[in-house]
2 protein chains.
Amino acid sequence: MTETVPRPTLEAVAARAGVSRATVSRVVNGSDGVREPLAERVRRAVDELGYVPNQAARSLVTKQHDAIAVIVAEPETRVFADPFFARQLRGISKELTAHDNQLVLLLTEDRDDHARVGRYLAGGHVDGALVFSLHIDDPLPELIRRAGLPTVFGGRPDSDGGRDGVVYVDSDNRGGARDAVRHLLGLGRRRIAHITGALDQTSGVDRLDGFRDVRADTDPGLVVEGDFTAASGERAMRELLGRRPDLDAVFAANDLTAAGALRVLREHGRRVPDDVAVVGFDDMQPIAEQTEPPLTTVRQDIEGMGRLMARLLLRDLDRPATADEDTGVMPSSVVLPTTLVRRASA
Amino acid sequence: MTETVPRPTLEAVAARAGVSRATVSRVVNGSDGVREPLAERVRRAVDELGYVPNQAARSLVTKQHDAIAVIVAEPETRVFADPFFARQLRGISKELTAHDNQLVLLLTEDRDDHARVGRYLAGGHVDGALVFSLHIDDPLPELIRRAGLPTVFGGRPDSDGGRDGVVYVDSDNRGGARDAVRHLLGLGRRRIAHITGALDQTSGVDRLDGFRDVRADTDPGLVVEGDFTAASGERAMRELLGRRPDLDAVFAANDLTAAGALRVLREHGRRVPDDVAVVGFDDMQPIAEQTEPPLTTVRQDIEGMGRLMARLLLRDLDRPATADEDTGVMPSSVVLPTTLVRRASA
DNA sequence: ACGTCATCCGAGAGCGCTCTCCCGCCCGGG
DNA sequence: CCCGGGCGGGAGAGCGCTCTCGGATGACGT
């Protein structure tokens with residue numbers, strides 16, 4: 001039933017317009033050098049026939065695909081717990097479609113998948129890659145480097161500092177964390193605890209570093225490791241209450257963790273923010289607004305990050321990564337600012 | 001820098017193995033009719049050169065792309081509020097990669113996007129489409145039908161009953177709703193309210209229908225329209241408490257809505273489940289387990305739905321939608337069962 | 001030993017497009 | 001009035017692959 005009618009080819013359009021293939025090609029691709037009356041005739045033929053260029057044939061000669069791979073390397077948990085991922089995708093999608101590029105999504109879970117991804121990237125199906133949520137020691141960056149594809153990372157990868165040519169987009173996790181802690185200080189809190197994020201991701205490490213920047217001399221007992229999940233927030237909060245029942249503030253590495261902490265605080269009869277002030281990170285809707293009380297948190301522009309990643313990559317594809325003629329530097333990473341959003345919890 | 005080394009072609013492999021292109025092609029595509037010693041020689045040449053077939057060239061002749069479009073037509077809100085979408089994607093992704101198909105993601109928001117999607121599908125970049133979250137009166141199905149692409153829908157589309165050849169995968173929303181309401185009846189509740197989902201989606205309508213199946217004679221004042229968001233749950237719950245302060249149970253169209261209702265109930269000092277029992281729908285983690293109290297809800301296998309959609313589509317691509325030789329029927333839709341998950345809220 | 005047939009492999013066409021020539025036309029200058 | 005230059009348009013090669021044919025090779029029957 002779905003017997004596709006053979007689609008018209010360039011040839012067919014050319015015949016109908018009474019010109020050569022080359023001329024049709026020129027018109028279709030918007031190159032100049034075709035005089036108006038002729039061009040118009042071609043255009044009419046194109047939509048009379050409903051001509052759509054065959055992408056495969058085009059790619060075969062141009063070696064371009066107008067397709068970008070988006071690789072999400074996340075072992076289940078976090079991706080689904082918070083809408084982070086969906087929102088970045090939306091940003092990427094917008095930017096990509098605006099430039100007529102398609103988005104090829106690769107979800108990976110384990111090492112086998114990595115091999116598959118490596119093969120895929122090396123297979124030359126896409127012009128570039130956008131890569132997410134790397135964990136420290138992830139083999140993916142190396143695979144990608146070997147595939148030799150232009151790539152932009154989402155979040156600072158675990159490289160030895162600015163390794164050559166690695167481009168990424170990240171939020172100012174460290175700065176945001178500092179702001180959060182300073183805000184708590186400003187409220188007069190002094191016994192400020194931190195529930196960290198996953199410390200095998202740079203975002204977790206950076207937020208911890210930001211906390212330490214402001215509270216260098218803090219009691220180590222006030223820092224408990226979490227992993228960005230709500231469950232870890234609950235566990236950590238219990239531990240903290242056991243160790244330091246006199247704490248008067250908590251900075252949680254993200255909103256989910258903060259939500260978990262909030263529940264435990266309530267369970268233990270601590271009033272928020274009166275007894276314990278709580279600050280989260282991400283300003284993730286709908287979580288942040290719907291905790292009890294609504295969460296004071298650090299906002300990052302997630303969709304914007306996605307959009308920016310795509311833009312950086314497309315720019316690089318346009319004119320491949322040579323040193324900038326003005327500044328003499330390679331195309332560089334971008335760290336986006338964060339802002340503190342005050343609600344009721346602190 | 002990213003000056004891609006020209007990749008080896010079939011020709012090159014053939015030369016190295018001392019055979020013809022055709023033979024290499026046969027070996028690479030696993031077709032039989034190449035004797036062992038030769039085949040082995042070819043295989044060696046392939047990986048000595050690191051040969052990877054050029055997909056564009058292949059598509060050009062086979063007219064296949066081994067790519068599937070996944071279209072998510074959702075105006076912002078819901079997609080990100082709950083992880084529904086991400087989870088279906090994961091299911092789809094697994095199935096697709098298992099069959100060496102790539103996943104091309106198309107996110108659409110408004111009518112302009114629809115036109116773009118129509119063009120894309122007609123453009124013959126993909127072999128089939130998986131389509132999500134249609135709203136009633138959505139023009140998308142018609143566009144897709146015209147593009148003549150094999151398609152599977154996620155969720156029952158708003159068609160006039162079983163329109164010819166429309167294949168979809170859905171949960172048994174109506175049956176699940178019945179189970180939920182019967183469960184409340186079983187607890188001895190009699191003044192059972194329902195906060196509906198978005199009634200421009202079949203899932204919302206079906207759940208309402210399920211509610212009515214069991215409570216045909218219910219006071220219309222006990223039904224308030226929502227839209228699957230937590231905010232609508234709050235609003236609806238307030239309205240219900242105003243209208244029918246004596247209600248003793250609420251069936252909410254999804255977990256997010258239930259979470260909103262729960263908050264309002266708490267605000268008003270109603271104990272759950274003692275005063276008012278609450279049941280949600282979806283069993284969406286982490287929402288359902290982390291409400292106060294944890295939510296009794298109707299579980300559907302979301303990832304399974306995704307996987308099934310992909311499987312159905314791939315099967316159809318394998319041997320195009322002709323009537324089944326045994327049963328004489330067209331490939332049909334699938335409605336997956338739901339199960340009630342008892343937690344504390346009812 | 002010769003014919004027959006199946007089997008394995010290679011030659012070559014062609015998928016639909018882009019892009020490099022190159023030719024022909026028109027215009028302006030000498 | 002003729003010639004040179006420039007530009008619009010066409011011819012044709014070729015991108016890397018698949019697939020149909022037909023030729024060669026060897027097994028087998030007689």
Side-chain angles (χ1 to χ4, degrees), chain A residues 3-46 49-67 100 122-127, chain B residues 3-46 49-67 100 122-127:
Chain A
E3 198 45 66
T4 27
V5 188
R7 301 218 324 254
T9 71
L10 247 205
E11 189 77 50
V13 178
R16 175 162 199 126
V19 298
S20 74
R21 279 203 318 281
T23 300
V24 179
S25 176
R26 282 189 266 258
V27 172
V28 169
N29 296 307
S31 102
D32 47 353
V34 177
R35 252 173 306 213
E36 198 31 61
L38 237 204
E40 179 51 30
R41 216 163 74 218
V42 170
R43 263 179 252 117
R44 206 167 43 236
V46 162
L49 294 179
Y51 170 74
V52 184
N54 179 319
Q55 185 60 39
R58 183 178 277 173
S59 295
L60 185 56
V61 24
T62 60
K63 272 118 177 44
Q64 287 228 126
H65 304 87
D66 294 327
D100 275 315
H125 307 248
V126 293
D127 301 328
Chain B
E3 199 45 67
T4 27
V5 188
R7 301 219 322 256
T9 71
L10 248 205
E11 190 78 50
V13 178
R16 177 164 196 124
V19 297
S20 74
R21 279 204 316 284
T23 300
V24 179
S25 176
R26 281 189 268 258
V27 172
V28 168
N29 296 307
S31 101
D32 47 353
V34 177
R35 249 173 309 210
E36 198 32 60
L38 239 203
E40 179 50 31
R41 216 163 74 217
V42 170
R43 263 179 252 118
R44 206 168 43 236
V46 162
L49 294 178
Y51 169 75
V52 184
N54 179 319
Q55 185 61 38
R58 183 179 277 174
S59 294
L60 185 56
V61 23
T62 60
K63 273 117 176 45
Q64 288 229 125
H65 303 87
D66 295 327
D100 274 316
H125 306 247
V126 293
D127 301 329

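Chain identifiers are assigned alphabetically (A, B, ...) following the order of the sequence lines, protein sequences preceding nucleic acid strands; residue numbering begins at 1 within each chain. Scope of the values below: all heavy atoms of this structure, side chains included, with no hydrogens, waters or symmetry mates.
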Expressed in angstrom and rounded to an integer, what is the separation of B:R26 atom CZ from D:dC19 atom P?
11 Å

CG of A:L10 versus C1' of D:dG12: gap in Å, rounded?
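Those two atoms, CG and C1', are 14 Å apart.
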
5'-most contact on DNA chain D: B:T62 or B:R35, nearest heavy atom basis?
B:T62

Using a 4.5 Å cut-off on heavy atoms from C-beta on, say whether the side chain of A:V42 contacts that of A:V34.
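No; the side chains remain at least 4.5 Å from each other.
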
So do A:L60 and B:N54 actually touch side chain to side chain, heavy atoms under 4.5 Å?
yes

For B:N29, check side chain to side chain donor-acceptor pair (under 3.5 Å) against everything at least two apart and list the hits.
B:S25, B:R58

Mapping A:S25 and B:G18 onto DNA chain C by nearest heavy atom, which one lands closer to the 5' end?
B:G18

Can you tell me if [X] uses its side chain to pair, donor with acceptor, with the backbone of [Y] under 3.5 Å?
| X | Y | answer |
| --- | --- | --- |
| A:R16 | A:R44 | no |
| B:D127 | B:H65 | yes |
| B:R26 | B:A39 | no |

Below 4.0 Å from chain A heavy atoms, what is the first contacting nucleotide of DNA chain C and what is the last?
C:dG16 to C:dC19

